[in-house]
Chemist: 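Submitted below is the structure of interest, expressed as structure tokens.
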Amino acid sequence: MDTGKNRYIKAPLGMKDLFPEERVLWEEIESVAREEFELSGYYEIRTPVFEDTRLFVRSIGETSDIVEKEMYTFGDTTDSMITLRPENTAPVMRAYLEYELHKSKKFQKFYYIGPMFRKERPQAGRLRQFHQMGVEAVGSYDPLLDVETIKVATRVYDRLGLSGYKVKVNSIGCEKCRPGFRDLLKEELRRYKEELCELCQARLDRNVFRVLDCKKKKCREICNSVSSIENHICSGCQDHFTTVKKTLEDIHLEYVVDQNLVRGLDYYTKTVYEITHPAMGARDTICAGGRYDNLISDIGGPPIGAVGFAAGIEASLIALLKTRNKENQSGNPPVVLDVYLVSIGSETRSYCFRLLNNLRHAGVSVDMDYESRSPKAQMRMANKIGAKFAIVIGSEEVEKGVIKLKHMQTGEEKLTHDPEEAIRIIRE
RNA sequence: GUGGGCGUAGCUCAGUUGGUUAGAGCACCAGGUUGUGGUCCUGGGGGUCGGGGGUUCGAAUCCCCUCGCUCACCCCA
């Protein structure tokens, strides 16, 4: 283990630390998201980071890459296996069913923010521990909800000041019409089998729909010449999709229909959507979601419709940073202390520590030196951390019982005997 | 799992026909007022040149292996 850049233990591959400076933007994103989610009537649910492995196998699909090779699965003390959640839709539905909400409060709107885990090779905006924020509207088939969730996502981005994102929507049909289209697509694409890339030839059998979003030019051309799903979904799905599109237009939400938009997770039905941003790397999705009317029954519940999305926080952050740099904006300033307490001479330190705690008790944010540094060094620190005031206490001040306040920006110094007065000055 | 690129100070990086004690900027620390910051000046600490092996009189530099990071593929937020 001593072969790395240094000999210290490092964070596991694809896991990142978040230091105070970076946390500022994270908190902005999270708080804006919370506000917008709650503004639309979604309530936070916190589920465990571990779930019974079977939950993901049944919901995401046994043959999906996520289940086959990307899950962190462990045995625990019982004979069941548990898995670090690779996504949070299934856990939320699990909780919904576990408490039998479909019997008491069938229609529910949830949101969540938290870490997810997938054991894949990390790359731009994609980590092994990553974070998602998302909403789930459970218990209704209403297409208005499909639109509402999209709108919630764009509201979050708009309020964060993110520009340049693009909303793509599509309908992938339901359990009635999708199998028929799948067979048709397979049949049509087979005719071009030799011309498809090696990967797509494999996808032909594994998951035909994936051929539709292949990046290779040749494959794209072939896909464009093949029957489009729009004309092959059932009338119910057609109606649903038409309402979705019309409603998007009603509320002036800009979008494009992308016939080649498919989703990787098995549980999606009807509406699927994606928000992309060019600041990302090769994978430009920052938010993705759709309707999943079969998921709840897949995991053993009654047939209940639901729709939702998950937005990648790291991905959104990258997009946001790019946007803001362009506009020459910096993030919010870090935490700023009201006061840095400069103590001169070791004999004043206990006096200063009492003063420090009195100030904190009064709600003044304050810190002091714990390294026995010189007054000059302490002043430098006061300046570096951007404290509004320095309070300078030496033996002279202790003897006279005064507090010496220095305003860091003006350099003006004030003396007072009255601690209340000092607090007033600081609060001005 | 596969492929490309890259590993020199805490950070960003110079350092290629292989040649003395490996550099800069920033950051950090100290001094320039034995009790006062920001600018400025001076000085300082800090590097097994990712690690191991090989070639050579001599390797940060060339070769092999290895580890790590990164981007991309698969897949996905």
Side-chain angles (χ1 to χ4, degrees), chain A residues 1-8 10-14 16 60-61 63-71 85-89 113-134 153 197-200 202-203 206-207 210 213-216 262-265 273-277 280-290 308-319 340 342-345 348 369 371 373-387 389-398 404-411 413:
Chain A
M1 289 299 188
D2 59 346
T3 50
K5 174 154 187 174
N6 60 41
R7 289 179 207 79
Y8 304 122
K10 43 195 303 181
L13 182 66
K16 288 272 184 286
I60 298 171
T63 59
S64 69
D65 273 44
I66 291 179
V67 170
E68 275 186 353
K69 53 184 201 189
E70 292 182 358
M71 297 207 304
R85 61 184 184 193
E87 59 98 42
N88 209 33
T89 298
I113 299 178
M116 310 294 155
F117 306 84
R118 288 182 202 173
K119 202 190 305 170
E120 61 182 351
R121 274 296 260 285
Q123 56 185 293
R126 274 177 284 176
L127 297 169
R128 288 187 164 189
Q129 178 179 332
F130 60 106
H131 298 76
Q132 288 185 332
M133 48 193 194
C197 70
E198 208 173 312
L199 210 64
C200 281
R203 285 199 268 237
R206 255 181 89 84
N207 186 353
R210 276 282 158 210
D213 70 350
C214 183
K215 294 187 189 85
K216 304 236 167 34
V262 298
R263 299 271 76 226
L265 281 50
Y273 56 88
E274 228 175 59
I275 298 177
T276 61
H277 195 280
M280 294 289 294
R283 182 62 183 172
D284 56 3
T285 306
I286 57 177
C287 173
F309 69 78
I313 296 185
E314 286 84 354
S316 302
L317 190 84
I318 290 171
Y340 193 78
V342 175
S343 67
I344 298 165
T348 65
D369 165 73
E371 298 171 282
R373 306 224 284 176
S374 68
K376 180 173 180 160
Q378 293 183 55
M379 285 303 294
R380 279 195 183 130
M381 184 60 76
N383 184 62
K384 191 168 77 177
I385 64 174
F389 285 89
I391 287 181
V392 182
I393 302 291
S395 51
E396 203 178 306
E397 285 76 13
V398 174
K404 186 193 262 187
L405 290 144
K406 178 169 186 170
H407 192 276
M408 293 301 287
Q409 264 172 26
T410 62
E413 290 193 343

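Letters A, B, ... are given to chains in the order of the sequence lines, protein chains preceding strands, and every chain is numbered from 1. Since this is a predicted model, take the numbers as computed values, not measurements.
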Chemist: To the side chain of A/R203, which of B/rA77, B/rG31, B/rC74 is closest?
Modeler: B/rC74

Chemist: Taking atom C1' in both B/rC28 and B/rG47, what distance in whole Å separates the two?
Modeler: 16 Å

Chemist: Between atom CG in A/D213 and atom P in B/rC76, what is the gap in whole Å?
Modeler: 8 Å

Chemist: Answer yes or no: does a side-chain N or O of A/R283 lie under 4.0 Å from OP1 or OP2 of B/rC73?
Modeler: no

Chemist: Among B/rC74, B/rG31, B/rA72, which nucleotide sits nearest the side chain of A/D65?
Modeler: B/rC74

Chemist: When you measure from the side chain of A/E314 to the backbone of A/R126, do you find a donor-acceptor pair of N or O atoms at a distance under 3.5 Å?
Modeler: no

Chemist: How far does OG1 of A/T89 sit from CZ of A/F309, to the nearest 0.5 angstrom?
Modeler: 10.5 Å

Chemist: Does the side chain of A/I318 come within less than 4.5 Å of A/I286's, by heavy atoms?
Modeler: no

Chemist: Determine whether a donor-acceptor pair (N or O, by modelled atom type, separation under 3.5 Å) exists between the side chain of A/R85 and the backbone of A/P115.
Modeler: yes

Chemist: Is there a Watson-Crick or G-U wobble partner for B/rC69 with both distances under 3.5 Å, and if so, which one is it?
Modeler: B/rG5

Chemist: Out of B/rC74, B/rG31, B/rA72, which has the shortest distance to the side chain of A/K215?
Modeler: B/rC74

Chemist: B/rU48 pairs with which nucleotide, Watson-Crick or G-U wobble, both distances below 3.5 Å?
Modeler: none

Chemist: For B/rA22 versus B/rC69, give the span between their C1' atoms, rounded off to a whole number of Å.
Modeler: 23 Å

Chemist: Answer yes or no: side-chain N or O of A/K119 and base N or O of B/rG1 forming a donor-acceptor pair under 3.5 Å.
Modeler: no

Chemist: Can you check the distance between B/rA9 and B/rC26, where both ends of the measurement are the C1' atom (answer in whole Å)?
Modeler: 12 Å

Chemist: For atom C1', what is the distance between B/rG7 and B/rA60, given to the nearest Å?
Modeler: 11 Å

Chemist: With rounding to the closest Å, how many angstrom separate the C1' atoms on B/rG10 and B/rG54?
Modeler: 33 Å

Chemist: With distance as the sole criterion, do the side chain of A/K376 and the base of B/rG35 form a donor-acceptor contact below 3.5 Å?
Modeler: no

Chemist: Taking the side chain of A/M408 as heavy atoms from C-beta outward, which of B/rG37, B/rA77, B/rG35 is closest to it?
Modeler: B/rG37

Chemist: Taking atom types as they are modelled, would you say the side chain of A/R126 forms a donor-acceptor pair with the base of B/rC75 within the 3.5 Å cutoff?
Modeler: yes

Chemist: Could you check whether any side-chain N or O of A/Q378 sits under 3.5 Å from a backbone N or O of A/S343, counting only pairs where one atom can act as donor and the other as acceptor?
Modeler: yes

Chemist: Does A/E120 offer a backbone N or O that forms a donor-acceptor pair with the side chain of A/R128 under 3.5 Å?
Modeler: yes

Chemist: Run the salt bridge (Lys or Arg N to Asp or Glu O under 4.0 Å) check on A/E371 and A/R373 step by step: do they pass?
Modeler: CA-CA 5 Å; A/E371 298 171 282; A/R373 306 224 284 176; 3.7 Å; yes

Chemist: A/K384 side chain N/O closer than 4.0 Å to the phosphate oxygens (OP1, OP2) of B/rC28?
Modeler: yes

Chemist: Tell me: CG of A/N207 to P of B/rC75, nearest whole Å?
Modeler: 8 Å

Chemist: For the base of B/rG35, is there a side-chain donor-acceptor partner from A/E397 under 3.5 Å away?
Modeler: yes

Chemist: Touch check for A/G125, heavy atoms < 4.0 angstrom, all strands: base, sugar-phosphate only, or nothing?
Modeler: base

Chemist: Considering heavy-atom distances to RNA chain B, does A/L199 or A/Q132 have its closest nucleotide positioned more toward the 5' end?
Modeler: A/L199

Chemist: Can you check the distance between B/rG50 and B/rG68, where both ends of the measurement are the P atom (answer in whole Å)?
Modeler: 16 Å

Chemist: Indicate, with a heavy-atom threshold strictly under 4.0 Å, whether A/G411 touches base, sugar-phosphate, or nothing.
Modeler: base

Chemist: Using atom CZ of A/F117 as one end and atom C1' of B/rC76 as the other, report the distance to the nearest whole Å.
Modeler: 16 Å

Chemist: Answer yes or no: does atom NZ of A/K119 have more than 12 heavy-atom neighbours from other residues, nucleotides or ligands under 6.0 Å?
Modeler: yes

Chemist: Starting the side chain at C-beta, find the nucleotide from B/rG35, B/rC75, B/rC76 nearest to A/R118.
Modeler: B/rC76

Chemist: Taking a pair as Watson-Crick or G-U wobble with both distances under 3.5 Å, which nucleotide is matched to B/rG37?
Modeler: none

Chemist: Applying a 3.5 Å limit to both distances, which nucleotide forms a Watson-Crick or G-U wobble pair with B/rC74?
Modeler: none

Chemist: If you check the A/A282 side chain, which of B/rC75, B/rG68, B/rC73 turns out closest?
Modeler: B/rC73

Chemist: Please walk me through it: do A/N207 and A/T63 pass side-chain contact (heavy atoms from CB on, under 4.5 Å)?
Modeler: CA-CA 10 Å; A/N207 186 353; A/T63 59; over 6 Å; no

Chemist: Name the closest nucleotide to the A/R210 side chain, picking from B/rC76, B/rC75, B/rC73.
Modeler: B/rC76

Chemist: Just compare B/rU70, B/rG35, B/rA72 and give me whichever is closest to any side-chain atom of A/E396.
Modeler: B/rG35

Chemist: Can you tell me if the side-chain N/O atoms of A/Q123 get under 4.0 Å from OP1 or OP2 in B/rA72?
Modeler: yes

Chemist: Using atom C1' of each nucleotide, how far apart are B/rA27 and B/rU12 to the nearest Å?
Modeler: 11 Å

Chemist: What does A/K216 touch in the nucleic acid at a heavy-atom separation under 4.0 angstrom: a base, only the sugar-phosphate, or nothing?
Modeler: nothing

Chemist: Which part of the nucleic acid, if any, lies within reach of A/I385 when heavy atoms closer than 4.0 Å are counted: base, sugar-phosphate only, or nothing?
Modeler: nothing

Chemist: Between B/rC74, B/rC76, B/rG37, spot the one nearest the side chain of A/K69, thanks.
Modeler: B/rC74

Chemist: Base, sugar-phosphate, or nothing for A/A310, non-hydrogen atoms under 4.0 angstrom?
Modeler: sugar-phosphate

Chemist: Scan A/R373 against the nucleic acid and name what it touches under 4.0 Å (heavy atoms): base, sugar-phosphate only, or nothing.
Modeler: sugar-phosphate

Chemist: Just call it for A/V392: base, sugar-phosphate, or nothing, with non-hydrogen atoms closer than 4.0 Å on any strand.
Modeler: base

Chemist: For A/E198 and B/rG3, give me the distance from atom CD to atom C1', rounded to whole Å.
Modeler: 14 Å

Chemist: Select one nucleotide: of B/rA72, B/rC29, B/rG35, the one nearest the side-chain heavy atoms of A/R121.
Modeler: B/rA72

Chemist: Please give the distance between the C1' atoms of B/rU34 and B/rG38 as a whole number of Å.
Modeler: 23 Å

Chemist: Specify the separation, in whole Å, of atom CE of A/M71 and atom P of B/rC76.
Modeler: 14 Å

Chemist: Using both distances under 3.5 Å as the test, list the Watson-Crick or G-U wobble partner of B/rC26, or none.
Modeler: B/rG10

Chemist: Base, sugar-phosphate, or nothing for A/E87, non-hydrogen atoms under 4.0 angstrom?
Modeler: nothing

Chemist: How many whole angstroms separate atom CD of A/E274 from atom P of B/rC76?
Modeler: 10 Å

Chemist: Report yes if the side chains of A/D369 and A/M381 come closer than 4.5 Å at any heavy-atom pair, otherwise no.
Modeler: no

Chemist: Under 3.5 Å for both donor-acceptor distances, Watson-Crick or wobble: does B/rC57 have a partner, and if so which one?
Modeler: B/rG19

Chemist: If you find the nucleotide of RNA chain B closest to A/M381 and the one closest to A/T410, which residue's nucleotide is nearer the 5' end?
Modeler: A/M381

Chemist: Within this structure, what is the CD-to-C1' distance between A/E120 and B/rC71, rounded to whole angstrom?
Modeler: 14 Å

Chemist: Quick one: label A/E314 by what it contacts on the DNA or RNA (base, sugar-phosphate, nothing), any heavy atom closer than 4.0 Å.
Modeler: nothing

Chemist: Just how far, in rounded Å, is C1' of B/rA77 from NZ of A/K16?
Modeler: 16 Å

